Amino acid sequence: MPPEQLGEVLALMGDSVDNIPGVPGIGPKTAAQLIQQYGDVETVLAHAEEIAKPKLRQSLIDHADNARMSRELVRLVCESPLPEPLDSLEMKGIPPEPLRAFLEEQGFKSLLARLAGNSQVQAPSASAQPVQREVRPEPKIDRTSYETVTSLEALDRWIAEAVKSGLVAVDTETDGFDCVTAKLVGISLATECGKACYVPLEHGGHDLLFERPEQIPAATALARLKPLLEDPAILKIGHNFKFDWIVLDRRGICVAPVDDSLVMSFNLDAGGLNSHSMDDLAKKHLDHDCLTYKEVCGTGQKQIKFNQVPLDRATEYAAEDADVTLRLWTRFRTRLPHERVTRVYEMVDRPLVPVVARMEREGVKVDREELTKLSREFSIQIVALEERICGEAGCSFTIGSTQQLGEILFNQMGLKGGRKGKSGTWSTDVNELERLSREGVPIASLVLEWRQLTKLRSTYTDALQQQINRETGRVHTSYSLSGAQTGRLSSTEPNLQNIPIRTEIGRRIRDAFVAEPGFVMLAADYSQIELRLAAHMAEVPQLKQAFAEGADIHNLTAQELFGAVNRDTRASAKTINFAILYGISRWGLAGRLGVTAEEAQMIIDRYFERFPGIQNYIADTLGKVRETGFTTTLFGRKTHFPSIRAKNQGERQGAERAAINAPIQGTSADIIKRAMVRMGPALEREGLGAVRMLMQVHDELVFEVPQDAVEAASAVIRRVMETAAEPAVSLSVPLGVDIGTGPNWGAAH
DNA sequence: GAAGTCACG
DNA sequence: ACGTACGTGACTTCA
């Protein structure tokens with residue numbers, strides 16, 4: 001039996017724990033049955049809905065998060081030679097106290113006893129003896145050792161290997177980078193370090209230039225691989241598996257369970273590494289240079305598609321990727337518990353992978369005609385503006401060139417008060433142009449308007465049309481799980497997280513994001529989530545109370561700071577509340593409020609005085625990040641800040657501000673990610689399987705909901721989002737969610 | 001490819 | 001003394 005499962009089964013059947021960890025009412029016998037049936041705890045939880053016995057089912061559903069957390073603990077404990085004194089965990093960087101508290105809370109009685117520092121306590125049964133793992137030196141990476149699988153017999157042999165080892169690293173090769181349309185051309189597998197193969201499926205072409213080499217027919221090979229890839233007892237490991245998951249899902253294979261070495265690396269080293277790409281990680285952790293895609297496929301005009309790569313070369317590249325993925329995974333999986341990031345990995349990011357994959361595959365419908373209409377409208381206005389701008393300038397020039405514009409404004413027209421940036425060029429950004437505009441310079445406001453319209457046209461109305469997928473008629477963004485150091489997602493090609501909303505004219509672009517006939521768009525967003533989290537994390541009594549009472553937080557701040565609530569004081573208060581979240585400085589605040597640094601300092605002092613707790617939060621956060629080099633969220637997500645010790649003061653202070661913000665922004669990201677993970681099963685449970693989750697915009701989730709299910713879906717969505725932190729984290733402030741619906745995204749706000 | 005600008009939370 | 005609020009991605013111009 002592979003160590004993965006052995007650990008699980010030992011832990012669950014043997015005497016080291018008393019039940020399915022964290023799930024009351026499930027004893028060893030039931031646990032063993034469930035494990036046998038599903039393979040591992042994660043899969044049991046994933047299939048909890050199917051379980052017939054209602055009490056058992058409900059218990060698993062209710063305590064899934066505890067079980068997930070415990071699962072990693074079990075993994076940790078099974079990796080150590082038992083019995084091991086609890087205090088010795090300190091040596092591995094695991095603080096024993098929180099662990100002891102957790103074990104007690106979860107009822108790990110016998111495990112606790114064995115870890116209690118008394119190494120005389122014997123394991124009660126033979127089955128719970130330490131897992132002796134065979135120590136085999138890892139072979140060097142040898143590209144020539146990989147096998148090209150072109151016969152069913154060979155494929156079956158590899159599948160048997162995967163079953164034997166209980167895990168398999170998987171990498172798919174395609175003829176493009178867009179996973180929603182790219183064609184699968186081959187799959188590589190690695191079952192042990194150094195033991196990898198490539199299964200070509202669609203190599204060669206149907207034209208005369210490329211002969212089709214011998215390979216198993218794709219449908220046949222996939223039919224053989226499907227049971228393995230869907231086998232709940234076999235762990236599939238990938239690097240950025242979201243891509244492969246979508247490619248395989250399109251071929252009718254729903255891969256599970258999945259580990260992702262990209263996500264693991266991100267959970268371990270966010271902020272500490274610029275890149276979590278396989279090539280860079282191989283260089284860093286394995287001291288190995290991978291074959292690059294360019295080396296295999298070429299670049300530019302001469303670039304070929306992967307299905308045109310000769311099989312021997314393709315095998316070297318593809319099998320190496322699977323081999324490297326597996327090697328990275330073996331390192332990361334032991335680091336996760338030791339560096340205390342298993343909780344965020346198991347509870348938040350790992351289960352998110354298939355959820356985000358589904359969302360990307362779903363896409364969102366965009367009304368092309370509406371965008372065309374807007375593009376035309378904008379173009380007419382842009383042309384008119386260009387004429388007036390050239391009139392004001394007295395000559396024709398490239399308005400989009402900041403160099404030329406600065407030259408015209410500050411040299412040719414001789415306007416005063418310009419400032420120059422690092423490169424010695426005139427600044428012409430929005431602040432500068434707004435200042436000129438206030439001073440009555442007509443060209444400034446014209447350029448601002450021109451910039452807004454050209455931005456909307458080039459980035460949104462024009463570009464978005466290009467992004468509509470030919471096959472699906474929808475726009476499929478790609479979410480990066482490692483994009484933002486704080487733990488947020490980021491969105492690319494296209495970026496759906498920066499669609500305009502702040503101005504009336506920009507907002508119209510959201511009207512082009514429409515629901516299918518019979519559906520409506522539903523947008524649900526957390527209200528002031530970061531301020532609420534700040535109130536909780538900094539333990540500010542007044543803020544917590546205000547959120548509990550549903551008070552307007554900016555008004556409250558205005559009252560406390562300025563003694564009066566009106567438009568101006570509220571606006572200032574709002575600015576200051578944000579400043580707090582972003583790591584305040586007197587100069588920054590002064591610039592934003594239009595006051596002197598001294599006045600800004602007075603306001604800051606007053607804020608700290610009126611909202612005690614904030615100052616401590618900042619001091620504690622900075623103290624911890626200076627000591628450890630990282631910050632943590634309420635879910636244990638780490639962000640590293642190497643610059644916190646920088647010699648350069650500006651760089652260091654930048655890191656300090658980011659470190660103050662990271663736990664708040666990161667916890668918010670954790671919470672919405674957990675809501676996303678739980679949303680699918682919660683909707684299913686209520687018979688709302690037709691509801692589609694389409695987009696995530698940091699504090700907002702967008703759905704496409706059948707018209708007749710809006711009420712029911714709203715209730716479920718609200719409940720899931722508002723309770724997303726529980727039970728792992730209990731907040732002292734309520735989370736508020738605003739929900740809107742309409743025929744399009746614009747109308748759903 | 002860097003710099004500047006600006007769209008979002 | 002730092003013309004800095006935090007976190008992103010896309011587009012344009014220009015070297």
Side-chain angles (χ1 to χ4, degrees), chain A residues 270-271 397-406 417-433 447-448 450-464 466-467 477-480 482-503 505-507 509-510 525-531 534 575-593 597 600 604 631 639 641 648-666 668-669 672 695-700:
Chain A
F397 68 106
T398 309
I399 305 168
S401 162
T402 51
Q403 277 177 33
Q404 291 183 37
L405 181 64
R419 54 196 175 87
K420 291 189 174 181
K422 289 172 202 155
S423 51
T425 54
W426 294 104
S427 168
T428 65
D429 67 12
V430 65
N431 293 320
E432 202 60 21
L433 291 180
V447 170
L448 277 174
W450 180 88
R451 281 204 180 142
Q452 185 190 14
L453 289 167
T454 52
K455 176 90 172 184
L456 293 177
R457 187 181 60 176
S458 68
T459 309
Y460 301 104
T461 57
D462 282 357
L464 220 40
Q466 304 301 313
Q467 296 281 355
T477 186
S478 174
Y479 290 101
S480 170
S482 57
Q485 314 285 36
T486 52
R488 274 189 179 178
L489 301 181
S490 71
S491 160
T492 59
E493 288 180 289
N495 182 352
L496 293 186
Q497 293 179 323
N498 71 348
I499 302 300
I501 190 167
R502 291 175 187 172
T503 64
I505 184 149
R507 222 184 164 114
I509 291 164
R510 293 202 173 208
D525 64 285
Y526 283 112
S527 155
Q528 317 257 36
I529 186 166
E530 293 197 2
L531 268 177
T575 299
I576 295 156
N577 279 329
F578 277 106
I580 294 293
L581 298 178
Y582 295 155
I584 200 166
S585 82
R586 71 183 77 173
W587 301 282
L589 185 63
R592 294 270 161 162
L593 290 181
I604 294 167
T631 60
T639 303
F641 291 90
N648 181 302
Q649 194 174 205
E651 188 186 353
R652 192 173 64 243
Q653 288 176 338
E656 287 172 357
R657 290 194 300 273
I660 291 166
N661 177 252
I664 299 168
Q665 190 183 116
S668 163
I672 196 166
M695 292 185 278
Q696 191 253 40
V697 193
H698 310 307
D699 65 355
E700 173 184 12

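Because the structure is a prediction, the values reported are computed rather than measured. Hydrogens, waters and symmetry mates play no part in the numbers below; they use all other heavy atoms, side chains included. Chain identifiers are assigned alphabetically (A, B, ...) following the order of the sequence lines, protein sequences preceding nucleic acid strands; residue numbering begins at 1 within each chain.
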Asks: Could a donor-acceptor pair under 3.5 angstrom be found where the side chain of A:T402 meets the base of B:dT5?
Replies: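 No, no donor-acceptor pair under 3.5 Å.
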Asks: Please work out if A:R451 contacts a base, only the sugar-phosphate, or nothing of the nucleic acid, heavy-atom cut-off 4.0 Å.
Replies: sugar-phosphate
Asks: Does a side-chain N or O of A:T428 approach OP1 or OP2 of B:dT5 to a distance below 4.0 Å, or not?
Replies: yes
Asks: Regarding A:S585, tell me which of base, sugar-phosphate or nothing describes its non-hydrogen contacts under 4.0 Å with the strands shown.
Replies: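 It contacts base atoms.
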Asks: Please check the phosphate of C:dG3 (OP1 and OP2 only) for any side-chain N or O of A:S427 closer than 4.0 Å.
Replies: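 So the side chain of A:S427 is outside the cut-off, no N or O lying under 4.0 Å from OP1 or OP2 of C:dG3.
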Asks: Would you indicate what A:G400 reaches in the nucleic acid, counting non-hydrogen atoms under 4.0 angstrom: base, sugar-phosphate, or nothing?
Replies: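 Touches sugar-phosphate only.
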Asks: Heavy atoms only, 4.0 Å cut-off, all strands: where does A:A579 land among base, sugar-phosphate and nothing?
Replies: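 Contact class for A:A579: base.
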Asks: Can you find a donor-acceptor N/O pair under 3.5 angstrom joining the side chain of A:R657 to the base of C:dG7?
Replies: no
Asks: Distance check needed: C:dC11 P versus A:Q466 CD, whole Å only.
Replies: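 From A:Q466 CD to C:dC11 P: 10 Å.
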Asks: What's the CH2-C1' distance between A:W587 and C:dT4, to the nearest Å?
Replies: 10 Å
Asks: Pick base, sugar-phosphate or nothing for A:I584, based on heavy-atom distances below 4.0 Å to the nucleic acid.
Replies: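 The residue A:I584 makes no contact with any strand.
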Asks: Identify, between A:A463 and A:Q403, the residue whose nearest nucleotide on DNA chain C lies closer to the 5' end.
Replies: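 Upstream on the strand: A:A463.
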Asks: Which part of the nucleic acid, if any, lies within reach of A:Q404 when heavy atoms closer than 4.0 Å are counted: base, sugar-phosphate only, or nothing?
Replies: sugar-phosphate
Asks: Round to the nearest Å and state the distance from A:L456 atom CG to B:dA7 atom P.
Replies: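 In whole Å, B:dA7 P and A:L456 CG are 7 Å from each other.
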Asks: Under 4.0 Å between any heavy atoms, over every strand shown, what does A:I501 touch: base, sugar-phosphate, or nothing? Just pick one.
Replies: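 Answer is sugar-phosphate: A:I501 comes under 4.0 Å of backbone atoms only.
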Asks: Identify whether any heavy atom of A:S491 sits under 4.0 Å from a base atom; if not, whether one sits that close to sugar-phosphate; answer base, sugar-phosphate or nothing.
Replies: sugar-phosphate
Asks: To the nearest Å, how far apart are A:Q452 CD and C:dC11 C1'?
Replies: 16 Å
Asks: Scan A:N495 against the nucleic acid and name what it touches under 4.0 Å (heavy atoms): base, sugar-phosphate only, or nothing.
Replies: sugar-phosphate
